[in-house]
Novice: 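One structure, pasted below without further comment.
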Amino acid sequence: MKDEFDLSPLQLDALREIGNIGAGNSATALSQIINKKIDMNVPKVAFVPIEDVPDLVGGPDTIVVGIFLRVYGKAPSNILFLMPQKSAFYLVDTLLGKTKGTTQSLDAMDESALKEIGNILSGAYLNAFFNFTHISMLPSIPAMAMDMAGAILNVVLIQLGQMGDQAMVIETEFLSEEEGINGHFFLVPDPGSLGTLIKAVGVE
Amino acid sequence: MADLIKVGMADYKVGRSPSTLISYGLGSCIGVSLYDPQSKIGGLLHIMLPDSTQARASDNPAKFADTGVPLMLNDVLALGAVKSRLVAKLAGGAQMFAFANATDIMRVGTRNAEAVKAILRRNGIRIIAEDTGGNYGRTVQIDLNTGAYKVKTIDRGEKEI
């Protein structure tokens, strides 16, 4: 069996392009909802040792808000949207028309608003993805937690941990400087889904 | 000031007084400590999964309960701890996201806790404290001078088990 982690630069580029298209669509959606300019960086596509993943978002004990969706279909994956706690509070203020700085903890309404953002971002991402690859991917309803980054990332990493010691992550950072909002969007294909994705973009 | 030694995910460290071993941000993972109160030697292990035989490939035994516990046990004994005096404490094993149709993977926290306890019992080590389950993350640390095992959470404060 061919080692799944043995990807050529061309294949990594293809995955990066998938991330780019998906994230671009998501950023546009987010920008329209909050009516502010949203910047994004070029997606990072990398295999990282599983134990290093929490460092991508500031370390395992950083408090973050995480919105998690399971993706079903031909290439099962996990989606995780992580925001620093303060960013999530600002985003709630913006979404619900409150003065910036009002939100200091999350009530049911706030959580629901954030989950909806997770829904919309994922929908936009997967849609773009479908247009490009014709692989249909359906997201589950979102789940949300506010806790330590390490603990939240566990959920995604456990599945990968069963298969190997490396995680393949396609990661994009969203940023609205004006609003002080930033977030990290992770698409983490299940082991086994990678091959499907690469084939779909036409690089073998 | 005493040493603070970090233990990463799927890793373990052993040491002696006055060091403190700490592991940050456990979700469904479990932090297992072993401690010999007389020699003040101990270890902390951060496992992710219950069973290495269920996994497809890994060269890291510290990732699993069934292989990680014996590994740490050997190391604390090599440092001079005495097996009959060793006591174990464990914390973690949460389910971070609640889904109506929770799969086995979602319940991995519970399975982790069960696997850790089973392997400790099989090795004849007494489990004297446990703080597992729930839906929240934990940072754990063991002070090798006193054997105190601290569990920190974000909304539920800090406690010693």
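Naming convention: chains lettered A, B, ... in sequence-line order (proteins, then strands); numbering from 1 in each chain.
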Novice: I'd like to know if the side chain of A:D61 and the backbone of B:Y24 have a donor-acceptor N/O pair within less than 3.5 Å.
Specialist: no
Novice: More than 12 foreign heavy atoms under 6.0 Å from NZ of A:K98: is that the case here?
Specialist: yes
Novice: In terms of heavy-atom pairs under 4.5 Å, which option from B:G92, B:G8, B:A10, B:C29 contacts chain A the most?
Specialist: B:C29
Novice: How long is the span from the CE atom in A:M148 to the CE atom in B:M96, to the nearest 0.5 Å?
Specialist: 8.5 Å
Novice: How far does CG of B:D155 sit from CG of A:D147, to the nearest 0.5 angstrom?
Specialist: 7.5 Å
Novice: Evaluate whether atom NZ of B:K159 has more than 12 neighbouring non-hydrogen atoms of other residues, nucleotides or ligands under 6.0 angstrom away.
Specialist: no
Novice: Within the structure provided, determine whether A:N154 and B:M9 are in side-chain contact (heavy-atom separation under 4.5 Å).
Specialist: yes
Novice: What part of B:D11 lies closer than 4.5 angstrom to a heavy atom of chain A: side chain, backbone, both or neither?
Specialist: neither
Novice: Which atoms of B:S23 are under 4.5 Å from chain A, going by heavy atoms: the side chain, the backbone, both sets, or neither?
Specialist: neither
Novice: Would you compute the distance between atom OH of B:Y136 and atom CD1 of A:I152 and round it to the nearest 0.5 angstrom?
Specialist: 15.0 Å
Novice: Check whether A:A149 gets within reach of chain B through its side chain, its backbone, both or neither, counting any heavy atom under 4.5 Å.
Specialist: neither
Novice: So which heavy atom on B:G137 is nearest to which on A:A151, and how close?
Specialist: CA-CB, 3.6 Å
